[in-house]
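Since the structure comes first, as structure tokens, the remarks are kept for the end.
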Amino acid sequence: MPSTDATACPHCGWPDRGEPFRVLSRHTTATGHTEWTRCGCGSLQVRVADGRGTRVVSRSGPVARAGAASH
């Protein structure tokens with residue numbers, strides 16, 4: 001998964017500061033927590049929440065739809 005400096009999902013435009021479509025897991029860290037989330041378009045995201053706020057630090061591409069052509 002590539003890292004990101006974007007403020008919105010590059011695949012569907014959903015704002016990174018918006019609520020994720022689905023939280024898959026949350027893990028406590030020494031400085032806050034890490035969340036694995038899924039965007040509405042299917043992109044898997046890693047969000048870090050600490051004293052600097054919450055930000056997406058890595059994301060995948062959207063999930064391929066069943067029956068969609070692969071390139």
Might you point out which heavy atoms bring [X] and [Y] nearest each other, and give the distance in Å?
X     : Y     : value
Cys39 : Trp14 : SG-CB, 4.0 Å
Arg59 : Ser43 : CB-OG, 3.8 Å
Ala49 : Thr54 : CB-OG1, 3.4 Å

Checklist entry - Leu44 and Val57: same hydrophobic cluster, using ILVMFWY side-chain contacts below 4.5 Å? => result yes
Checklist entry - For the hydrophobic clusters of this structure (ILVMFWY residues joined by side-chain heavy atoms under 4.5 Å, transitively), does one cluster hold both Val46 and Val23? => result no
Next on the checklist: Show me the pairs that pass salt bridge (Lys or Arg N to Asp or Glu O under 4.0 Å) and involve residues 28-38, at least two apart or across chains.
Outcome noted: Arg26-Glu35
Checklist entry - Under the salt bridge (Lys or Arg N to Asp or Glu O under 4.0 Å) rule, what pairs show up with a residue in residues 44-54, not counting sequence neighbours? => result Asp50-Arg55
Checklist outcome for this item: Here the gap from Cys41 atom SG to His11 atom NE2, rounded to the nearest 0.5 Å, amounts to 6.0 Å
Item to check | Approximate separation, where rounding is to 0.5 Å, of Trp36 CH2 and Ser58 OG | outcome: 7.0 Å
Next on the checklist: Any non-hydrogen side-chain atom of Pro62 less than 4.5 Å from a side-chain atom of Cys12?
Outcome noted: no
Checklist entry - Given side chains that start at C-beta, do those of Thr29 and Val48 come closer than 4.5 Å, heavy atoms only? => result no
